[in-house]
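Worksheet for the structure shown next.
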Amino acid sequence: MSEFAIADPSHRPLGLATDDANPNFVGARDPDSALFVQFYTKPVQNNYRTIKEGRPIFEDRLCIRIEIPGNRNSIIDTFAYDNHKARFPKQWAHFERQHAADAPGSGTPLSAWPLLQGSRVEELKALGFRTVEQVAAASDQNIRNIGMTAGIDPFAFRDRAKRYLQAAQDDAAMQNEAERAKALETALAEEKKAREESEARHKAEMDELRQLMKQAMQQPRRGRPPKQEATG
């Protein structure tokens, strides 16, 4: 099954409601207990904000993976909703305990910043920095704590983050202004074309009317025939 396939969150394809789940049935058990269930977060790009701000913007989305151990053909991997939390309370509680300090956020991932290489990105993540915005907003004490992890002086590193964000914002503003100017130019061109077409139709109609009037004036008038003189 493809990743993030559209599915009904309340559907239970991997846990059948049979007598196994009936508490009045001898040997009853929850069919969901046989499933492997994992909640996790996945960065998903926000296309609207990416275009608007001129840099890649990602948002952490809560996801869930459900599978039957030993059956690789029956896997559900999709966004998680409240009914998933209610259906798998133990797994959800485990996720909350493990990620209590990792609140979902948004911003430009450090991995999308050309200044950093993969190993440095992982080292900064271990120190709690996940986005360029977090680096730019770090206090003096917090940025000092990273030392030379980024490969440059920590305060210079923070300044580079601020300049990167400002430059991206300026570029986005210029791009948006250019797009607005182009849209205005296109609108004016379309308006001019429509006006010229309207004027051409009006001219053609007037030419046709003049032609009809000319033809009408050239036709002989109908009247009584002239009297013939008597001959004797």
Side-chain angles (χ1 to χ4, degrees), residues 1-113 116 118 121-138 142 161 165 168-169 172 176:
M1 180 177 294
S2 61
E3 187 178 14
F4 294 107
I6 299 175
D8 180 1
S10 63
H11 185 48
R12 295 167 65 95
L14 302 181
L16 302 178
T18 67
D19 284 338
D20 285 347
N22 186 346
N24 296 319
F25 182 74
V26 177
R29 64 180 177 82
D30 182 1
D32 284 348
S33 63
L35 303 177
F36 169 80
V37 179
Q38 180 183 33
F39 287 94
Y40 68 97
T41 57
K42 178 182 180 67
V44 178
Q45 185 164 4
N46 185 318
N47 294 327
Y48 172 76
R49 291 188 60 194
T50 293
I51 295 174
K52 182 179 179 181
E53 301 187 28
R55 65 183 190 279
I57 302 292
F58 285 76
E59 296 178 346
D60 286 340
R61 293 291 303 275
L62 180 65
C63 302
I64 185 171
R65 182 180 178 88
I66 309 172
E67 62 180 273
I68 298 176
N71 187 345
R72 304 297 295 177
N73 296 321
S74 298
I75 298 175
I76 292 178
D77 198 336
T78 186
F79 293 120
Y81 300 94
D82 288 341
N83 57 338
H84 288 121
K85 301 175 186 178
R87 179 181 173 186
F88 304 107
K90 293 181 179 180
Q91 291 86 345
W92 172 240
H94 174 73
F95 174 84
E96 285 192 305
R97 288 194 301 270
Q98 295 294 111
H99 302 273
D102 297 334
S106 65
T108 302
L110 293 177
S111 57
W113 191 10
L116 297 175
V121 169
E122 295 305 318
E123 292 175 7
L124 288 166
K125 282 184 179 180
L127 294 172
F129 292 94
R130 302 171 61 194
T131 67
V132 181
E133 287 83 355
Q134 290 174 337
V135 174
N142 290 340
L165 295 176
Q169 184 177 352
N176 292 336

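Hydrogens, waters and symmetry mates are skipped; everything else that's a heavy atom, side chains included, is used. Computed from a predicted structure; not experimentally measured.
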Looking at side-chain heavy atoms only, is the closest gap between [X] and [Y] below 4.5 Å?
X      : Y      : answer
Glu67  : Val37  : no
Val44  : Glu59  : no
Leu110 : Phe129 : yes
His84  : Ile76  : no

Exercise: identify the closest heavy-atom pair between Ala34 and Pro69: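 Closest approach of Ala34 to Pro69: O-CD, 3.2 Å.
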Taking all atoms of both residues into account, what is the closest heavy-atom pair of Pro56 and Ala112, and its distance?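 Smallest interatomic distance, heavy atoms only, reads CG-CB, 3.6 Å.
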Sequence neighbours left out, what passes side-chain contact (heavy atoms from CB on, under 4.5 Å) with Asn71? Give chain and number order.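 In terms of side-chain contact (heavy atoms from CB on, under 4.5 Å), with neighbours along the sequence ignored, Asn71 is linked to Ile68, Asn73, Ser74.
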Sequence-distant partners of Phe39, ring pair (Phe, Tyr, Trp, His ring centres under 6.0 Å), two or more places apart: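 Per chain and number, Phe39 pairs via ring pair (Phe, Tyr, Trp, His ring centres under 6.0 Å) with Trp92.
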Within this structure, what is the [atom1]-[atom2] distance for the pair [X] and [Y], rounded to the nearest 0.5 Å?
X      : Y      : atom1 : atom2 : answer
Lys42  : Asp60  : NZ    : CG    : 11.0 Å
Lys85  : Phe95  : NZ    : CZ    : 9.0 Å
Glu122 : Ser111 : CD    : OG    : 8.5 Å
Ile64  : Phe88  : CD1   : CZ    : 5.5 Å
Phe58  : Arg130 : CZ    : CZ    : 12.5 Å

Run the salt-bridge test on Arg87 and Asp32 with the 4.0 Å N-O cut-off and return the result as yes or no.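 Yes.
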My understanding is that only residues two or more places apart in sequence, or in another chain, count here; which of them pass side-chain hydrogen bond (donor to acceptor under 3.5 Å, both in side chains) with Gln45?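 Counting only residues at least two positions away or on another chain, Gln45 forms a side-chain hydrogen bond (donor to acceptor under 3.5 Å, both in side chains) with Thr50.
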Donor-acceptor check, side chain of Thr108 to backbone of Thr131, threshold 3.5 angstrom: yes or no?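 Such a contact is absent between Thr108 side chain and Thr131 backbone.
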Establish, from distance only, whether the side-chain atoms of Asp77 and Tyr40 form a donor-acceptor pair under 3.5 Å.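 The answer is yes; a qualifying pair exists.
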